[in-house]
J.: 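Below is a structure I'd like to ask you about.
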Amino acid sequence: MRIAIQDVTPETDYAEIIGWVHEIRDLGGLAFFIVRDRTGLIQVTIPKKKAPEAVVEAAKEVSRESVVRVAGTVKAIEKAPGGRELVPEELEIVSLAASPLPLDVAEKVSAEMDTRIDSRFLDVRKPRVGAIFFIRSVAVRAINEFLFSRGFINITTPKVVAAATEGGTELFPIAYFEKEAFLNQSPQLYKQMMMAAGCEKVFEIGPIFRAEEHNTVRHLNEATSLDVEVSFADHNDVMQLLEDLIIAVYRRVTEDCADQLATLGVDLTVPATPFPRISYAEAIEIANRTVPEKISFGDDLGTAAEKAIGEYIGQHYFIVDWPTAIKPYYAMPYPENPELSKAFDMMHPRMELSSGAQRIHQHDLLVEQIRAKGLSPESFEFYLKTFEYGMPPHAGWGLGVERLIMTMLNLPNIREAVLFPRDRHRLTP
RNA sequence: GCCCAGGUAGUGUAGUGGCCUAUCAUGACGGCCUGUCACGCCGUCGACACGGAUUCGAAUUCCGUCCUGGGCGCCA
């Protein structure tokens, strides 16, 4: 009966493990294998003179990264990793790995991102890389549990859509029988429609597609978005929700991923609350102190500005009260000052993580705003229709899951947070 | 889209006109080794992205192609 490597303790008498051969150190009469499974590493020690002949034969044949089944007695040995080692009575090569390997899983030599992604399955075998995706899984689970505990329901919306949903980004056109279609840039319109459907609190974690030809460490052409929409809520309500969610995720990861964080060398601290809230006007004022190119009211915040503000604030923060002109048409303008809207961005010092707003729920105002952006209300008919038959006031946000993981774990490149990144040049694996 | 930097053994690198039948590490293969833990030691193997040009001579300069990394813009 196979047991997990982490469950083999110095007190264990006998164990059978299955895993990958991480390292081989052959001293002649004595050989050491380090065997790895998802849970950890164990030293397998083969005294060639005493070991069964079949074990010695298999040990001679085995290559690094082969899958092996090892059964034998466990010895408590202080100098072995984990304080124990396995002395095999049986050693079976379950699946022999070819040689040489496309990259070094034991990380004696590094590999470039391109090489790593080409052989991502091997790359993820590295304990450090595997740790990232374990943590990502825990984070996503924490998001789900947090939102379910707050009464949300999970929805799934189409990724193949008929038209650009909000403008502002390039879409990937696809062939859909005799029609033109696109990959969805965001579930924005659909989650709002579910407010009209009376669902009140919805969320979705799913892929979004942007056909931007960017070439940066913080953009992907296929990303994962956490989208939330809440009825009878305003922008302040959903900002609080977002802040609570970030805290819940950080807390869960610090609690449940101590080993993985240690593997990554990340000393994770739960962000202090409340997150500072600065207005867009304050934000450009802060940026203008250090950024050479002057930012005027109505300009978008560039990378340099984001960086300058992030350094100044030094933690997660919100930028609120954005000019209506530079936010999407569905953001609710302040009635007393329609130049500004109830829109916000939630920032990590390194980059934007989320943006959201209270939405316009009045049909006529929405049509007006769509026109003001130079878009045609006719192409949004299916969406606008839902505003004519009892659309509740609502607010929401979207959060980039990869960016959340990247900033939480201080990863240098967003591709580190995706198993199989889609960027400007990569379509496989 | 604009701009910058690159492409050298399986992997990561050194090498900016002759000293290069190309450095080092890791790896693979063979040998020695019973306590390694980046095991050690000896030996062997393995590469200048592709095409063209300049030159007595090109990994090195130039042009083109393909590929990659990154900055900005746009965007989450």
Side-chain angles (χ1 to χ4, degrees), chain A residues 22-34 41-51 56 60 63-65 75 77-83 85 87 97-119 122-123 126 166-171 185-188 207-227 293 299-307 326-328 345-348 350-356 397-407 412-415 417 423-426:
Chain A
H22 192 67
E23 284 180 58
I24 299 172
R25 283 194 280 274
D26 189 344
L27 274 57
L30 187 66
F32 300 102
F33 290 5
I34 307 298
L41 300 166
I42 190 168
Q43 176 165 289
V44 173
T45 302
I46 302 159
K48 290 187 190 164
K49 284 187 183 139
K50 293 184 216 156
V56 177
K60 212 186 292 175
S63 57
R64 290 160 82 228
E65 294 305 319
K75 288 194 174 141
I77 296 232
E78 258 184 51
K79 52 193 165 188
E85 67 182 13
V87 181
S99 179
L101 298 162
L103 54 81
D104 178 16
V105 177
E107 291 196 87
K108 284 179 190 172
V109 290
S110 57
E112 289 195 342
M113 184 64 72
D114 189 47
T115 306
R116 292 173 51 201
I117 302 297
D118 278 344
S119 299
L122 275 175
D123 188 52
K126 296 176 187 167
E166 26 183 319
T169 190
E170 292 295 315
L171 300 183
Q185 72 181 89
S186 124
Q188 180 65 29
I208 56 170
F209 304 89
R210 309 280 165 100
E212 300 289 343
E213 297 191 11
H214 33 221
N215 204 227
T216 79
V217 294
R218 60 189 184 285
H219 289 96
L220 294 163
N221 292 293
E222 178 177 7
T224 310
S225 179
L226 163 61
D227 274 89
E293 308 79 45
D299 291 345
D300 223 321
L301 265 30
T303 310
E306 269 187 18
K307 216 179 142 199
I326 56 171
K327 280 291 173 183
D345 281 2
M346 198 275 282
M347 315 290 295
H348 178 277
R350 285 176 71 190
M351 71 189 78
E352 178 182 342
L353 295 185
S354 169
S355 66
W397 41 259
L399 169 101
V401 172
E402 285 83 13
R403 287 189 172 188
L404 175 66
I405 302 301
M406 175 189 186
T407 53
N413 190 319
I414 197 164
R415 293 168 182 83
D423 60 33
R424 177 67 186 84
H425 300 291
R426 186 176 283 279

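Letters A, B, ... are given to chains in the order of the sequence lines, protein chains preceding strands, and every chain is numbered from 1.
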J.: Output yes when A/Glu213 and A/Arg424 qualify as a salt bridge under the 4.0 Å nitrogen-oxygen rule, no when they do not.
T.: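 So A/Glu213 pairs with A/Arg424 through a salt bridge.
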J.: Write down the partner of B/U13 under the Watson-Crick or G-U wobble criteria, each distance required to be under 3.5 Å.
T.: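 By the stated definition (distances under 3.5 Å), nothing pairs with B/U13.
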J.: Of the nucleotides B/G12, B/C74, B/U34, which has the atom closest to the A/Val109 side chain?
T.: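 The closest nucleotide is B/G12.
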J.: For B/U60, what is the paired nucleotide under Watson-Crick or G-U wobble rules, both distances under 3.5 Å?
T.: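 Across all strands, not a single nucleotide pairs with B/U60.
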J.: Of A/Ile77 and A/Ser99, whose closest RNA chain B nucleotide lies nearer the 5' terminus?
T.: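 With A/Ser99 and A/Ile77 compared, the 5'-side residue is A/Ser99.
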J.: Between B/A47 and B/G35, how far is it from one C1' atom to the other, in whole Å?
T.: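 Between the two C1' atoms, the distance is 37 Å.
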J.: Searching all strands shown, indicate the nucleotide that pairs with B/C74 (Watson-Crick or G-U wobble; both distances under 3.5 Å).
T.: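 Paired with B/C74, as far as the under-3.5 Å criterion goes, is no nucleotide at all.
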J.: Does the side chain of A/Arg218 pick up a donor-acceptor pair with the side chain of A/Thr303 at under 3.5 Å?
T.: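 Yes - a donor-acceptor pair under 3.5 Å links their side chains.
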J.: Measuring from the side chain of A/Gln43 (C-beta onward, heavy atoms only), which nucleotide among B/A28, B/G35, B/G71 has the closest atom?
T.: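 Out of B/A28, B/G35, B/G71, the nucleotide with an atom closest to A/Gln43's side chain is B/G35.
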J.: How would you list, by chain and number, every residue that makes a ring pair (Phe, Tyr, Trp, His ring centres under 6.0 Å) with A/His214, sequence neighbours excluded?
T.: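 With sequence neighbours excluded, A/His214 shows a ring pair (Phe, Tyr, Trp, His ring centres under 6.0 Å) to A/His219, given in chain and number order.
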J.: So, are A/Asp26 and A/Lys48 salt-bridged, with charged N and O less than 4.0 Å apart?
T.: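 Judged by the 4.0 Å cut-off on N to carboxylate O distance, A/Asp26 and A/Lys48 do form a salt bridge.
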J.: Could you check which of B/G12, B/G69, B/U34 has an atom nearest any side-chain atom of A/Asn215?
T.: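 The nucleotide sitting nearest to the side chain is B/G69.
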J.: Can you tell me the distance, in whole Å, between the CH2 atom of A/Trp397 and the P atom of B/C75?
T.: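 Rounded to the whole Å, the gap is 21 Å.
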J.: Please report, rounded to the nearest Å, how far the P atom of B/U36 is from the NZ atom of A/Lys75.
T.: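 Atom-to-atom, A/Lys75 to B/U36, this comes out as 16 Å.
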J.: What pairs with A/His348 under ring pair (Phe, Tyr, Trp, His ring centres under 6.0 Å), at least two apart in sequence or on another chain?
T.: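 A/His348 satisfies ring pair (Phe, Tyr, Trp, His ring centres under 6.0 Å) with A/His316 once adjacent residues are dropped.
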J.: Is a donor-acceptor contact shorter than 3.5 angstrom present between the side chain of A/Glu112 and the base of B/U11?
T.: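 No, no donor-acceptor pair under 3.5 Å.
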J.: For B/G46, give its Watson-Crick or G-U wobble partner with both distances under 3.5 Å, or none.
T.: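 Pair assignment: B/G46 / none.
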J.: Roughly, in whole Å, what's the span from CG in A/Asp114 to C1' in B/G70?
T.: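 Result: 13 Å.
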J.: Can you tell me the Watson-Crick or wobble partner of B/G35, both distances under 3.5 angstrom?
T.: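 No nucleotide pairs with B/G35.
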J.: Does any donor-acceptor pair link the side chain of A/Glu85 with the base of B/G35 at a separation under 3.5 Å?
T.: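 Counting by modelled atom types and ignoring angles, a donor-acceptor contact under 3.5 Å is found here.
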J.: A/Thr216 has a side chain; which of B/G27, B/U36, B/C72 sits nearest to it?
T.: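 That would be B/C72.
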J.: Once you round it to whole Å, what is the distance between P of B/U26 and CD1 of A/Ile24?
T.: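 So the two atoms are 16 Å apart, to the nearest Å.
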J.: Rounded off to whole Å, could you give me the CE-to-C1' distance for the A/Met113 and B/U11 pair?
T.: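 Computing the A/Met113:CE to B/U11:C1' distance gives 16 Å.
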J.: Between atom NE2 in A/His214 and atom P in B/C74, what is the gap in whole Å?
T.: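 Result: 13 Å.
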J.: Nearest whole angstrom, please: distance from the C1' of B/A28 to the CG of A/Asp26.
T.: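 About 15 Å, once rounded to whole Å.
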J.: Could you tell me the separation between the CG atom of A/Leu301 and the C1' atom of B/C72, rounded to a whole number of Å?
T.: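 The answer, rounded to whole Å, is 15 Å.
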J.: Provide the Watson-Crick or G-U wobble partner of B/U54, both distances under 3.5 Å; none if there is no partner.
T.: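 The base-pairing partner of B/U54, which may sit in any strand shown, does not exist here.
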J.: Is A/Arg415 paired with A/Asp114 through a side-chain N to carboxylate O contact shorter than 4.0 Å?
T.: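 No.
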J.: Is there a Watson-Crick or G-U wobble partner for B/G69 with both distances under 3.5 Å, and if so, which one is it?
T.: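 Here B/G69 is engaged in a pair, and the nucleotide opposite it is B/C4.
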J.: What does B/C20 pair with, Watson-Crick or G-U, if both distances are under 3.5 Å?
T.: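 For B/C20, the partner nucleotide comes out as none, under the 3.5 Å rule.
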